[in-house]
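We name chains A, B, ... by the order of the sequence lines, and we start the count at 1 in each one.
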Amino acid sequence: MSEISKAYEPQSVEDKWYQFWLDGKFFVANEHSAKPAYSIVIPPPNVTGVLTLGHVLNNTIQDILCRKARMEGKEVLWLPGTDHAGIATQVQVERALKKEGKIKHRDDLGREKFLEEVWKWKNEKGGIIIQQLKKLGASCDWTRERFTMDPEYSRCVQRVFVDLYKKGLIYRGKRMVNWCPASLTALSDEEVVMKEQKSFLYYFKVEVAEIPGTFLTIATTRPETIPGDTAVAVNPKDPRYAHLIGKHVVRPLPAELPREQKLIPIIGDEHVDFEFGTGVLKVTPAHDKADFEIGLWHKLAAIEVIAANGQMNDAAGADLRGLDRFKARKVAVEKLTELGALEKEEPYTNNVGFSERADVPIEPRLSEQWFLKYPGVEASKSCVAHEGYKSAVNLSQKTVRIVSATGKEISGKSIHDLRKAALAYARKHRIIGVSFKNEDSGIEIRVGRQSLSHAFSHLGVANILAVAVLPELIRSAVWISSEPHEPHNPMVKLVHRFIAALSLAGELHSVLITAKEFYDGTVLYDHRTKKITFGGKSLEAHLPKEKLDTQPAPNACINVNNLLSSVNVGKMQFHPQRWAKVYDHWMGGLQDWCVSRQLWWGHRIPVWTKHFANEKEYWGEPESLQDELSDFLQMLNDSVPSHHGFPCVKFLWDQQLEKGLQEYRPDKDGDGFTIFIGIEPSFSAAHDYPLVEKIEKAGFTQDPDVLDTWFSSWLWPFATMGWPEQTDTLKKFYPTTDLVTGPDIIFFWVARMIMAGYEYMDELPFQNVYFTGIIRDKQGRKMSKSLGNSPDPLDLIAKFGADALRFGVMRAAPLGQDILFDEQNVELGRNFCNKLWNACRFRQMVGSADLPIQGEIDPKFLTSDDKWILLKLDTAIREVTIALNEYKFSDATATLYRFFWSEYCDWYVEASKAVLGSARVPRADSGVSPESSEASGATPDAATGMVALPENFSARKANTLAVIDFVLSHTIRLFHPFLPFITEELWHGMGYSTDMPDNQGGKTIMFAPWPKPLNDDFKVHYSLAASHLKTVDLKDECKLDEQIERDMFGRQKLVIEIRNIRSQNGIASNKKLKLVYHGSADINPHEKEILKLLVGADCIEHKFDYHPAKGEPVVYPSFGGKIFIPREGLIDVAAEKTRLTKELEKIESEISKVEQKLANPNFAQKVPANVLEEHKQRLVEWQNKLAHTKAALDAMRG
RNA sequence: GCGCGGUUAGCUCAGUGGUAGAGCAUUUGCUUCACACGCAAGGGGUCGCAGGUUCAAACCCUGCACCGCGCACCA
């Protein structure tokens, strides 16, 4: 830092240091290191994406965590990479090609050519976001960068696909799927977003065929699907229509069909809500999920009337054929009107599913797809910790350790022991819990892995209805299980019975049940209000009143929570924890995942198929096929290294699609069947492999579909580390430590990674998940390209610097809240960097060449300011460390800001100028008046009138510099995770790196030790504490740090008061004051110098006897005496009077507040002693002030 | 419908029962020898509403209102 510019210029240092870090290989993780591991896998951004503020937030957090971990001596792996983002990328490239005029549709190029274009695009744009992350300072191990379509990664994806098939979890099925007519692909449920739509509800009538002249009126939002209706459904309990079941109606469309072809049955189905519309439902099995179910049940035909592209097909009839589905809706309404069938239409608001990507309404469509039943579900369900227990539950090896929320630890030899303890506890306290075993609903409350009945049977307790559970245990030992797909009505009934049972038992008084199967509805009995609520509503809504009347008098409280099925319980922490509930809810209602996509860009499904028209055709084939395959098998075994661990070939076959669905196959092709051959990794990716060639020669073709992008993303934590081999990287860094991501992909990604982790690594993929907020603009709107409200982070970096951007975003990002982004945040970050820069610049300027950097601090010369700032540093280190451990990044930045700016710069540095800035500094330890030059031991220079340097001056100055260096070298390290660039620059520039060992900060601040709170030895040595805390008797000895704090606080109050008087009296800031101190002994000379400096006085004259002018302002220092502030010329008596009167009012109001409290007899009686004392003390202080202020006012009158 | 957040200064937000806080914005005064990307001093709040518990409530309990989000949905 030889050339120090006045302002920090980030542009001139950032690139330099990033290159320095890369050159030094400081980001590279060593899997053979002996250091403890810390790892994060990056949520891979879309390969063709550009950096957004969301990425900035996300990756800054990860970088902070990684950099702190490095400084703590951990071996850090931050594994970066990108995602191929199937649909997004394909759409993007397609659009670009169209724009370039290369194609009108992707079919123009064909699959192979189109994919070439995508790869080209990827190779051109793929690096952009990576470069941008580097600009931000991200300390990723770039040598390990991965892409989800890297050959090795693809092999993992294929391997998993085949493996899951073999486990029976992947199947092919003809199902209702969410079809996107724009991208022409199926979507998973998660890719569909519901949007409210204003539309119309159309009422049209149909004639009952068997009873001419009788009409049914049907309400629908989708008249265009009428040609696809194959039934009309009514509720069999509906008296209006029940008698019509079994008869038929005439479907109005397509109008041109003969009447007999339009007869559809009237069926009875419980699903029909007779409150809604007219109570008559049209059933369109081919275009509605619910109707499909009804169709299955009643064996109805399905007529597809909407084609894949969203246009009506031939079956829709002459009027609608070829029309877009929305145009068709209008036309259908016109047609109904024309036929006289339309009765009315009314405005109606309903929710319609939209394709998240293409933003068009999805079409439920019958289609043959690959589905996955999720693996690893059981372990995944319970692994996320909930509020209430601290996660230290370990049921393995039959030993149990549970730490309750209260910190109380319960230990037992086994779950069994705990149950016994629970029972004993319950007997003693006569507390009752309840277990249900309900065969009908399959609902059971269990303890541990066993049902309660089983668990307690050996104790002779039969038909357990009531079982006691230790309150601390309940949260972790009881859960209610049921089939996730069961309708939850029986559960609710059960809860009612539960409450009734408790009520009758007359023992249990407050119950809180939380079970995911109840959608976390709660049952709560409040003993104060004597009210029970369930799911937020009063119990009256659920239970007959007479049951409530039996409620006993309350005196106990029990919590019952769902939980614990395995050793994984609570091992993973979500931050903030509330997302655990969202996760649980989703896990509780898992639906099979449609994993195939009708796209080109992605992992092509490694399955080859051939359809056989009949058995003969089939039997003609297999021998040769078998022979060929066994040849290849042999060949592959020879050529593939055995440790690879992949079985080479596996038949996948499926003689029939799901039987029940046959009727819905659009291509009724007789009794044919299909053989599927799944090919495992290493081969499917490369088509020139002979195996594939042979298979294809035999007439098999590869499934044209690709896998959902998330089907590759969910393997990210281990597929990036060399899985399926047990690599050293995996051994060292899996499970990863933290995952940082947005809550919007909790289902898409987080939950699925957890399941994959358990399935393939037998272990959770990460220990902590931090969910960031969503970045919004100042008005709270989501950032979006169309709104143009998303600033380019690179522009911000160019304007303010990467550190400023990081700091600004972190400061504005409280845990778990959305962030309203404003450029002012970044400006604040920039200002802060500048402050840091200048504070260091100040240190450079006051130092001199002959003084060492980071000299030893000599306790002998330590002033109270020095001690104070060291204690504040200690506090800051503690606060920042705690905040980071709790993922409270905005708290950490707030602490750093406060400490550095308000405490260090505003007070400490300013005061230190008394020592550093002027030569006329007397000895602090002399204890004599500096105004008397004889006493100070220095003689005035005859020529200048200046006092010569006391002998020990340079030692004192050096000591102050040493304290400054101590504080700065710690502060810079505390800042490093947040502000990597400027801190590296300062670390070297200030010379703090020179004393450090190479691997601990000598080369780079990245490995400098993370500051630790000052220890007792340090504090005692420097008189920051009276003695080691454990030995000190607090009663006798006033704690030193408290004394230091008090003194400093007193001085700050005094300084502020004098400054205030200056300001209120209109004394210009640049005008030096001449103060008078009136007291029995003069102020400590060192203190006096500082006071002069801080309030802008050129002298404080000590007088034993002083008669102030009328209205002369006066302040009362905490160390006694009075300080007068004389004004040359006229005193503005009125202004001073106003000031004092105002102050008086405030004092009086405070006094009355405290007095009122103290006057309350209950207060003195019930309040804790220390609080009482505090209040009394406060009263005394205010009363003192009152006296002073009154005196001052009096003086003004007199 | 169910659930989850939120409601504190003009704005963005801290604040887990004991004297209402920060940053920004704003007003005033300062080219004070680190920093005008700065220094100093001020002004500004019945803590969404209503009850309850408590000696004491922004904080705990109950209800309500409004804002945001998620899930599930009836055509």
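Between the CG atom of A:L1094 and the C1' atom of B:C39 there is a distance of 12 Å, rounded to whole Å. Atom P of nucleotide B:A41 and atom CD of A:E910 are separated by 11 Å, given to the nearest angstrom. The nearest whole Å value for the distance from the CG atom in A:L836 to the P atom in B:C37 is 17 Å. In this entry the distance linking CH2 of A:W586 with P of B:A72 reads 10 Å, nearest Å. Here the P atom of nucleotide B:A22 and the CZ atom of A:F832 are 17 Å apart, to the nearest Å.
A:Q1183 pairs by the side-chain contact (heavy atoms from CB on, under 4.5 Å) definition with A:I1151, A:E1155, A:L1179, not counting sequence neighbours. Applying the ring pair (Phe, Tyr, Trp, His ring centres under 6.0 Å) criterion to A:F821, with sequence neighbours excluded, gives no partner residue. Here A:A804 pairs with A:F800, A:V826, A:R830 under the side-chain contact (heavy atoms from CB on, under 4.5 Å) rule; sequence neighbours left out. Listed by chain and residue number, nothing satisfies the ring pair (Phe, Tyr, Trp, His ring centres under 6.0 Å) test with A:F354 (two or more places apart in sequence, or in another chain). Every residue two or more places apart in sequence or in another chain that forms a side-chain contact (heavy atoms from CB on, under 4.5 Å) with A:P1168 is listed here: A:N1170, A:V1171. Residues that satisfy the ring pair (Phe, Tyr, Trp, His ring centres under 6.0 Å) test with A:F832, not counting sequence neighbours, are A:F807, A:Y897, A:F975. Every residue two or more places apart in sequence or in another chain that forms a salt bridge (Lys or Arg N to Asp or Glu O under 4.0 Å) with A:K344 is listed here: A:E346.
Applying the salt bridge (Lys or Arg N to Asp or Glu O under 4.0 Å) test to residues at least two apart or on different chains, none of the pairs has a partner in residues 1053-1066 of chain A. Counting only residues at least two apart or in different chains, ring-ring contact (aromatic ring centres under 6.0 Å, His included) contacts with residues 1145-1179 of chain A comprise A:F1163-A:H1175.
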N/O to N/O distances under 3.5 Å, protein versus nucleotides 16-19 of chain B:
unit_1: B:U19; atom_1: O4'; unit_2: A:R1178; atom_2: NH1; d: 3.1

Report, one pair per line, the protein and nucleotides 42-47 of chain B atoms (nitrogen or oxygen only) whose separation is under 3.5 Å.
unit_1: B:G42; atom_1: OP1; unit_2: A:N1060; atom_2: ND2; d: 3.1

Nucleotides 24-30 of chain B: protein proximity per nucleotide (B base, S sugar-phosphate only, - neither; heavy atom, under 4.0 Å): SS---BS
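Comparing the P positions of B:A72 and B:C67 gives an interatomic distance of 23 Å, to the nearest angstrom.
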